[in-house]
Protein chains: 2
Amino acid sequence: MSIEQSRKLTIYDLARLAKSSPSTVSAVLNGTWQQRRISRKLARRILDLAEREGYSTNMQARALRRDRSGILGMILPLYDNRYFSSIAQIFEAEARRRGIFAIVSCTNRDPDQEREAARMMLAYRVEHLICTGATNPDVIAEMCSAAGISSLNLDLPGTAAPSVISANREGARRLTDALLDRLEARKIDSTRVLFIGGRAEDHNTRERIEGFRHAHERRGLITNPTDIVPCDYAAEKAQAALEAYVDREGRLPAAMFVNSTISLEGIVRWLRLGGHNMNEIIMGCFDWDPLAAAFHPRLIMMRQDVPTMIARLFDWIDTPPEDPTVRLEVMPEIVGNPMGNRVAE
Amino acid sequence: MSIEQSRKLTIYDLARLAKSSPSTVSAVLNGTWQQRRISRKLARRILDLAEREGYSTNMQARALRRDRSGILGMILPLYDNRYFSSIAQIFEAEARRRGIFAIVSCTNRDPDQEREAARMMLAYRVEHLICTGATNPDVIAEMCSAAGISSLNLDLPGTAAPSVISANREGARRLTDALLDRLEARKIDSTRVLFIGGRAEDHNTRERIEGFRHAHERRGLITNPTDIVPCDYAAEKAQAALEAYVDREGRLPAAMFVNSTISLEGIVRWLRLGGHNMNEIIMGCFDWDPLAAAFHPRLIMMRQDVPTMIARLFDWIDTPPEDPTVRLEVMPEIVGNPMGNRVAE
DNA sequence: AATAGTTGCACAACCGATTGCGCATTCATA
DNA sequence: TATGAATGCGCAATCGGTTGTGCAACTATT
């Protein structure tokens with residue numbers, strides 16, 4: 001590595017230093033030198049020189065000429081829960097493994113920011129754009145298709161691009177089953193099982209509600225409409241919604257299906273503040289957080305299978321699906337201690 | 001917005017459509033048209049056309065010519081705790097506010113990945129590189145300076161670039177003070193206060209240990225070396241370290257200073273698994289997580305002041321500090337319920 | 001009417017890579 | 001020794017913007 005350069009080294013500089021030509025240097029550095037019948041000797045010399053001088057190829061120039069940026073883009077609502085942060089981490093790791101550059105932008109569940117971020121990514125000519133949990137994936141998909149760039153949906157499905165999502169309905173059914181099993185085991189009446197959190201207008205929440213209903217139906221139980229409270233995700237909303245529910249019913253629900261860790265935060269806070277014993281109430285959460293699991297080992301959590309979801313995404317990046325609007329569901333799994341053996345109170 | 005184009009529209013296309021020239025179109029689109037004395041009328045026409053046709057500037061071409069990418073880079077150890085995820089979110093939000101594109105790459109506290117990510121960022125010619133929590137910030141700073149790109153350190157300080165960090169020592173002193181106050185209030189003997197988590201070789205942990213010691217000293221208390229256990233951050237490490245500590249001492253510590261939420265996870269898990277009552281033991285955590293706060297309202301948490309830290313960073317991006325190795329400390333604050341009034345058990 | 005200044009725009013040379021093509025050597029074959 | 005093929009490399013155009021410079025046409029001044 002040489003001392004600081006005033007200007008960055010280019011292939012023209014290297015060509016001069018190596019007494020060769022820019023095209024040869026280029027071929028050597030991007031690995032096409034064999035096809036161009038550059039001698040091994042010259043290639044070595046140029047590579048050594050580049051190494052010694054600390055050359056790094058200008059990706060803007062390469063991208064411009066190749067008309068491929070070498071960048072993969074992803075937009076994401078937030079980083080601050082385990083689900084989305086692991087999506088970002090695994091996505092980046094896989095991209096890095098392939099020598100592609102991944103850029104992730106978080107858009108705060110805000111349609112304007114989503115559009116703005118997508119516009120930026122398209123301006124930088126990302127090769128694919130992954131829309132994760134977009135409020136309206138189809139808007140982004142259309143921007144991409146207008147720009148001639150392929151897009152993929154993750155977490156929330158769209159109708160204009162291939163989507164990988166969790167098997168929300170079946171997952172919710174299983175989680176609900178686990179709750180009902182515990183109620184049975186403890187011989188507690190299975191009415192007043194509360195579904196709380198999420199947005200009624202988003203696909204995942206609707207599917208999870210269906211699964212919740214279905215689990216009840218299969219046992220001949222009915223679900224009361226007032227037991228389904230998609231009060232949005234925010235902790236404060238969940239907290240207020242639980243308070244309202246308890247006021248109306250006059251007592252705690254027998255069990256709760258909490259639709260995300262962020263909602264869980266509000267639920268737990270309300271229970272704590274109200275002096276309720278966390279262990280009196282059977283809880284499941286459609287999401288996973290190891291810190292929550294540590295604090296409440298009897299909490300049933302659904303862990304979405306992020307590695308598989310990302311793997312499917314990359315499959316599609318490698319070979320685009322025949323059906324451009326295909327929707328693939330990946331099963332999440334229950335983690336922890338589903339039967340709720342007592343640990344410590 | 002027009003129908004899908006086979007190839008992206010360029011300023012040459014627009015020039016043809018507007019019966020003008022590429023240089024004029026360029027000037028209009030990048031806002032320099034006034035200086036170039038383009039008539040308002042022509043500018044309007046070109047802008048309308050660009051809008052109608054869905055033109056978007058090819059940032060690679062722009063970056064190549066301008067020799068400025070318009071990108072700000074950040075490397076980050078992880079996304080999956082509240083501290084780092086808020087760093088990423090606030091950094092991106094501020095960049096977006098300024099119309100700059102922020103790209104964040106997470107490197108898993110792995111020096112190789114850090115170097116690799118930095119190399120990528122430099123190849124894409126980021127205008128500044130922010131190194132957050134890098135295992136060795138100086139390595140990255142030197143890569144940057146060799147490439148003629150300015151770098152800044154966040155969270156962990158370096159000696160080769162300006163650094164913004166938390167006031168770890170003073171923050172730790174205050175957190176320790178809060179722990180000792182509670183012990184006093186409960187009339188519990190103040191020996192066997194355990195410092196656990198973090199890496200002895202990293203600056204922040206060393207500083208926090210100093211603060212921990214200092215708080216004791218000021219009360220005339222001594223700190224036993226065996227009460228300081230920088231067993232690394234990982235939950236499993238903390239869990240094992242606590243187990244070893246308790247084995248040796250024959251009982252639980254009277255209070256614990258837990259050096260991060262990730263370590264806290266291990267601590268809490270161990271306590272739960274061992275059937276210990278979480279409330280018997282006074283705990284502080286040098287980090288903040290609202291879910292943990294919900295589960296354990298009496299846990300004392302230090303919240304690092306990320307918005308201020310990021311703001312200082314951008315100050316330096318705007319006007320580089322005179323002293324290129326300046327180190328700025330931002331005070332974190334205790335959140336929650338420092339005096340530990342009982343809420344719910 | 002001649003001159004100077006202003007207005008409005010286009011030309012063309014870049015930025016740093018990539019890549020089709022062509023030319024000079026060397027080597028093998030007849 | 002002539003011919004064709006293989007080897008090894010450089011030329012120059014190109015990607016899509018940016019920007020210094022130049023040149024008409026028009027306006028104001030004397």
Side-chain angles (χ1 to χ4, degrees), chain A residues 5-47 50 53-71 122-125 127 147-148, chain B residues 5-47 50 53-71 122-125 127 147-148:
Chain A
Q5 287 110 23
S6 47
R7 298 198 79 276
K8 279 292 277 184
L9 220 62
T10 70
I11 52 169
Y12 298 91
D13 302 320
L14 289 181
R16 207 162 16 73
L17 292 172
K19 303 205 187 311
S20 173
S21 76
S23 57
T24 301
V25 173
S26 170
V28 168
L29 293 174
N30 68 34
T32 58
W33 57 277
Q34 321 243 25
Q35 303 151 45
R36 296 192 133 254
R37 297 190 312 240
I38 310 297
S39 68
R40 182 170 304 276
K41 203 174 112 231
L42 180 54
R44 256 278 50 89
R45 189 151 53 88
I46 291 176
L47 283 171
E53 300 291 331
Y55 170 83
S56 101
T57 92
N58 183 323
M59 297 307 258
Q60 324 285 357
R62 166 175 293 177
L64 176 59
R65 182 56 237 243
R66 285 204 181 149
D67 201 22
R68 299 193 302 110
S69 60
I71 303 179
L122 293 178
Y124 280 95
R125 303 295 189 266
E127 297 184 19
Chain B
Q5 286 109 25
S6 49
R7 297 199 81 274
K8 279 293 277 182
L9 218 63
T10 71
I11 54 169
Y12 297 92
D13 302 320
L14 290 181
R16 207 161 15 74
L17 292 172
K19 302 206 186 310
S20 173
S21 77
S23 58
T24 300
V25 172
S26 170
V28 167
L29 293 174
N30 68 34
T32 58
W33 57 278
Q34 321 243 24
Q35 304 151 45
R36 295 191 137 254
R37 298 190 311 241
I38 310 297
S39 67
R40 183 169 304 277
K41 203 174 113 232
L42 180 54
R44 258 274 53 87
R45 189 150 53 86
I46 290 175
L47 283 172
E53 300 291 330
Y55 171 83
S56 102
T57 305
N58 183 325
M59 297 306 261
Q60 322 286 355
R62 165 174 293 177
L64 176 59
R65 183 57 239 240
R66 284 204 179 148
D67 202 21
R68 300 192 302 108
S69 61
I71 303 179
L122 293 177
Y124 280 95
R125 301 298 189 264
E127 298 184 17

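Heavy atoms only: backbone and side chains are in, while hydrogens, waters and symmetry mates are out. Quick note on labels: first sequence line is chain A, next is B, and so on, each numbered from 1.
For A/S21 against D/dC9, no side-chain N or O and base N or O form a donor-acceptor pair under 3.5 Å.
Distance CD (A/Q35) to P (C/dC21): 15 Å, rounded to an integer number of Å. A/N58 places its CG atom 16 Å from the P atom of D/dG17, with the value rounded to the nearest Å. As rounded to whole Å, 14 Å separates atom P of C/dG20 from atom CD1 of A/I38. Summarising the geometry, the separation between CD on B/Q34 and P on C/dT7 is reported as 13 Å, rounded to the nearest angstrom. The distance between atom CG of A/L14 and atom P of C/dG16, rounded to the nearest whole Å, is 12 Å. Taking atom CE of B/M59 as the reference point, atom C1' of D/dG17 lies 11 Å away to the nearest angstrom.
Under 3.5 Å, the side chains of A/S21 and A/R16 contain no donor-acceptor pair of N or O atoms. Of the N and O atoms on the side chains of A/S26 and A/R65, not one donor lies less than 3.5 Å from an acceptor on the other residue.
Of the candidates C/dA17, D/dG10, D/dG17, the closest approach to any side-chain atom of A/T10 belongs to C/dA17. Listed nucleotides: C/dC9, D/dT19, C/dC14. Nearest to the side chain of B/R65: C/dC14. If you check D/dG16, C/dC9, D/dC11 against the side chain of A/S23, the one that comes closest is D/dC11.
Nearer to the 5' terminus of DNA chain D, by closest-nucleotide assignment, is the contact made by B/T32 (compared with the other of B/R37 and B/T32). Between A/T24 and B/A43, the residue whose closest nucleotide on DNA chain C is further toward the 5' end is B/A43. Residues A/R36 and B/A61 each lie close to DNA chain C; by heavy-atom proximity, the contact nearer the 5' end of the strand is made by B/A61.
B/S39 comes within 4.0 angstrom of sugar-phosphate atoms only, judged by non-hydrogen atoms across all strands, and of no base. Using a 4.0 Å heavy-atom cutoff across all strands shown, B/L42 reaches sugar-phosphate atoms only and no base atom.
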